K.L.:
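One structure, pasted below without further comment.
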Number of protein chains: 2
Amino acid sequence: MVVDALTDGDVNRIFRALADATRRDIVRRTLLTDMSVSSLAHAYDMSFAAVQKHVAVLEEARLVTKEPRGRERMVRGVPERLRQAKRLLDDFDQIWRARIDRLDALLSEPLPPEKG
Amino acid sequence: MVVDALTDGDVNRIFRALADATRRDIVRRTLLTDMSVSSLAHAYDMSFAAVQKHVAVLEEARLVTKEPRGRERMVRGVPERLRQAKRLLDDFDQIWRARIDRLDALLSEPLPPEKG
DNA sequence: GTAACGTACAACTTTATGGTTGTAGATGCG
DNA sequence: CGCATCTACAACCATAAAGTTGTACGTTAC
């Protein structure tokens with residue numbers, strides 16, 4: 001059941017968001033435990049604002065969600081989104097298998113039909 | 001068996017390369033059939049040089065390989081690399097499951113040991 | 001209320017990206 | 001050979017990304 005198809009833009013955002021080590025680390029941490037933006041910021045050697053931006057990129061890609069909790073914003077990883085990403089990579093694998101199947105068919109049928 | 005561990009830079013390049021619709025399309029096409037750079041270029045509404053750059057990005061990420069064939073360079077998708085990427089996403093899933101396990105343990109053991 | 005904390009957001013700099021055009025070197029073909 | 005094709009690469013432009021600092025504002029704690 002397809003909940004909602006991903007546009008090219010969605011996919012771009014997902015992979016783009018994952019193309020940064022700090023952001024991948026944020027995803028890992030927030031999959032394990034909800035964390036406030038500031039507690040995340042303490043973990044990295046960069047400004048609070050920089051971490052805030054990384055979280056925003058992840059949020060736009062829906063790889064994390066932010067939920068207000070008092071004066072903090074708790075960041076939480078979204079496992080379903082990562083599974084969607086994995087599914088995208090599975091599609092590539094399917095395509096590749098089509099090539100193999102085609103090759104198998106070719107090998108098992110050494111006399112392909114000719115035109116005319 | 002780990003053939004060769006991926007560095008942060010490797011992972012960055014892989015996801016970065018996949019964060020573009022044209023490049024994903026190139027991967028799909030070249031997983032199915034080896035194609036020259038120029039034949040790929042015909043498929044998109046952009047200059048040859050632009051496509052050439054996209055192929056270069058994919059090549060640096062090792063998502064495709066280029067092999068000389070006469071005056072052409074045949075581009076071929078590398079399924080193993082895509083499986084490596086999928087494995088990276090699996091790691092995230094593993095982390096998330098650890099959270100679930102922890103929650104399960106908490107629920108099944110309503111009286112956690114106290115300090116002292 | 002005041003001070004400290006957590007966040008949001010704007011402005012700015014630097015560097016990377018994605019596109020262009022143009023030039024030049026190999027290779028294949030008539 | 002001479003010409004078309006395929007590729008490589010440099011230079012350039014516009015935009016986006018990743019970081020910084022500074023300011024403003026809501027919330028918590030005292």
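A quick note: this is a predicted structure, and the numbers were derived from the prediction, not measured. Note on naming: letters A, B, ... go to the chains in the order of the sequence lines (proteins, then strands), and numbering restarts at 1 for each one.
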K.L.:
Would you please confirm or rule out a distance under 4.0 Å between OP1 or OP2 of dA8(D) and any side-chain N or O of Arg73(B)?
P.N.:
yes
K.L.:
For the side chain of Arg23(B) and the backbone of Arg16(B), is there at least one donor-acceptor N/O pair under 3.5 Å apart?
P.N.:
yes
K.L.:
Atom NZ of Lys53(B) to atom P of dT7(D): distance rounded to whole Å?
P.N.:
17 Å
K.L.:
Could you tell me whether the phosphate oxygens of dA8(D), OP1 or OP2, come under 4.0 Å of any side-chain nitrogen or oxygen in Lys66(B)?
P.N.:
yes
K.L.:
Any side-chain N or O of Gln52(B) under 4.0 Å from OP1/OP2 of dA8(D)?
P.N.:
yes
K.L.:
Do Glu67(B) and Arg73(B) make a side-chain contact, defined as non-hydrogen atoms from C-beta onward lying under 4.5 Å apart?
P.N.:
no
K.L.:
Find the distance Glu60(B):CD to dC9(D):P and express it as a whole number of Å.
P.N.:
11 Å
K.L.:
Would one find a side-chain N or O of Arg16(B) under 4.0 angstrom from OP1 or OP2 of dA17(D)?
P.N.:
no
K.L.:
Take Arg71(A) and Phe48(A), find for each the nucleotide of DNA chain D with the closest heavy atom, and name the residue whose nucleotide sits nearer the 5' end.
P.N.:
Phe48(A)
K.L.:
Taking the side chain as C-beta and beyond, is there a heavy-atom pair between Leu58(A) and Val75(A) under 4.5 Å?
P.N.:
no
K.L.:
Write down the distance between CZ (Arg13(B)) and C1' (dT17(C)), rounded to a whole number of angstrom.
P.N.:
15 Å
K.L.:
Side-chain N or O of His54(A) less than 4.0 angstrom from OP1 or OP2 on dA17(D)?
P.N.:
no
K.L.:
How about Thr22(A) and Asp25(A): does a side-chain donor come under 3.5 Å of a side-chain acceptor?
P.N.:
no
K.L.:
Got a sec? Which of residues 26-46 of chain A come in under 4.0 Å of DNA chain D, heavy atoms?
P.N.:
Met46(A)
K.L.:
Separation of Asp20(B) atom CG from dG19(C) atom P, in whole Å?
P.N.:
6 Å
K.L.:
Before giving the answer on salt bridge (Lys or Arg N to Asp or Glu O under 4.0 Å), spell out for Lys86(A) and Asp90(A) the whole-Å C-alpha distance, their side-chain angles and the decisive distance to 0.1 Å.
P.N.:
CA-CA 6 Å; Lys86(A) 208 166 66 173; Asp90(A) 264 325; over 6 Å; no
K.L.:
Is the Lys NZ or Arg CZ of Arg83(A) less than 6.0 Å from the centre of Trp96(B)'s six-membered ring, within 45° of the axis?
P.N.:
yes
K.L.:
On DNA chain D, nearest-nucleotide positions of Arg23(A) versus Met74(B): which is more 5'?
P.N.:
Met74(B)
K.L.:
Going by distance alone, is a donor N or O of one side chain under 3.5 Å from an acceptor N or O of the other, for Arg81(B) and Gln84(B)?
P.N.:
yes
